[in-house]
Number of protein chains: 2
Amino acid sequence: MSDKSGLRVDAERNRQQILVAAEELFLERGAGVPLDEVAKRAKVGIGTLYRRFPTREELLAATSNERFLSLAEASQARDADHDPGAAIRAYLEELALNTSTYQSLAASLGTVVECGTPGCNAITAEGNRLLRRAQEAGAVHADVTFADFIYVVSAISIALEKDNSPKTRVIHLVDLFLSGIIVR
Amino acid sequence: MSDKSGLRVDAERNRQQILVAAEELFLERGAGVPLDEVAKRAKVGIGTLYRRFPTREELLAATSNERFLSLAEASQARDADHDPGAAIRAYLEELALNTSTYQSLAASLGTVVECGTPGCNAITAEGNRLLRRAQEAGAVHADVTFADFIYVVSAISIALEKDNSPKTRVIHLVDLFLSGIIVR
DNA sequence: TTTAAAATGGAGGAACCCTCCATTTCATTT
DNA sequence: AAATGAAATGGAGGGTTCCTCCATTTTAAA
């Protein structure tokens, strides 16, 4: 009998082991860790890993899934308290911090976020919602796109990785994006 | 006799051949092209290439050197005509366009710009000068740093690479950073 | 010419990637 | 509970790129 994932139970067990091993190794050594080692720690053949996650990005997307889900939920929960601009600020800050979880996840963010897992879909939908609402309220320029958000978050995360900066730097960089560098 | 580079003439000749080959291949196939192929096109052993340019970044910095030099000069030439804010805008736009010359140069911009070649020094000095001047004139927030410029340009260039966007997109993204996304 | 310092090239070991398929395991049918 | 076929497995192996190392060659000074 197969459970709801549609995988055989042995396959599903291995899938979980791969996810656990990947999560650990990404945390320890960054998102570029050799996949052979992920397979080894998961006690699974490398072929099995590739069968389940054909690309590194898909594996990254899978390990990010829950984090993205809870980010999206947290953003919705904040909704009532904040004005549109503040909601976007909080969303961007949290996404940037999350993207700094693994060294060199940032470079893949654009791809990862399009991967179609529930978490990726949720975080994308939420970002689009916040953006649309802020634009309807006239709080954000009409020519800003969700893609701009992703680029900005990637840039900020890359910056963070490089000099291993504190959280305050995220706030500075998000501010920069939101307010512009020019005094007026 | 050695010329001013301090290299033996055969070594200097090979260095030039490597630079020419690298420039060609980076343009054709991006900044990640195998270095063996650069060596082959330069008609030089791979060992010679590594002796002269121990890392890919150093080779990138060397091929970017003249471009950076002329960008810095052009920026200084614009100086008279523009107000501080416009000078920065032009500087960022040109640097972003230049950084999109080779596919995947963007990711290395931060490292490349610190490489110490004359061109890297010139572009850094010029950026710092523009920034300081704008800040003294009160046109740019005091907490903006030159590192922010580099992050911004990287983000823009990564965006450009991804969807192979037209120049108008550079302008949009630079505007975003200069003015912020929030209406006021 | 001689000499030694500088430069060379490319073989080869290591790291990582990813495919392929002979074998094993699971779930269903009889 | 035995048989059956679909699903899953693992890891050998071929490919790519990296980078070091050193026996040989080239240059330039003595």
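Chain A is the first sequence line, chain B the second, and so forth, proteins listed ahead of strands; every chain is numbered from 1.
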**OP:** From the options C:dG9, C:dC16, D:dA28, select the nucleotide whose nearest atom is closest to the side chain of B:V44.
**Re:** C:dG9
Original post:
Can you check the A:E58 CD to C:dC18 P distance for me, whole Å?
Top reply: 12 Å
**OP:** Could you go through the side chain to side chain donor-acceptor pair (under 3.5 Å) check for A:N14 and A:T48 one step at a time?
**Re:** CA-CA 8 Å; A:N14 285 337; A:T48 301; 5.5 Å; no
Original post:
A:R51 CZ to D:dT9 C1': how many Å, rounded?
Top reply: 8 Å
Original post:
Of B:K43 and A:D10, whose closest DNA chain C nucleotide lies nearer the 5' terminus?
Top reply: B:K43
**OP:** For B:L25 and D:dT17, give me the distance from atom CG to atom P, rounded to whole Å.
**Re:** 12 Å
Original post:
For the pair made of CZ in A:R15 and C1' in D:dA7, what is the distance, rounded to whole Å?
Top reply: 16 Å
Original post:
What class does the angle between the rings of B:F149 and B:Y91 fall in, given that below 30° is parallel, 30 to 60° is tilted and above 60° is perpendicular?
Top reply: tilted
Subject >> Sugar-phosphate only, base, or nothing, as touched by B:R52 at under 4.0 Å among non-hydrogen atoms >> reply: sugar-phosphate
Original post:
Any donor-acceptor pair under 3.5 Å between the side chain of A:R8 and the base of C:dT25?
Top reply: yes
Original post:
Which whole-number value in Å describes the distance from B:F53 CZ to C:dG9 P?
Top reply: 14 Å
**OP:** Using whole Å, report how far OH of A:Y50 lies from P of C:dC18.
**Re:** 4 Å
Original post:
So B:Y102 and B:E23, side chain to side chain donor-acceptor pair (under 3.5 Å) or not? Walk me through it.
Top reply: CA-CA 9 Å; B:Y102 315 142; B:E23 173 78 16; 2.7 Å; yes
Subject >> Beyond-backbone contact of A:F53 with A:L60, side-chain heavy atoms, under 4.5 angstrom >> reply: no
Original post:
Atom CG of B:L35 to atom P of D:dT16: distance rounded to whole Å?
Top reply: 16 Å
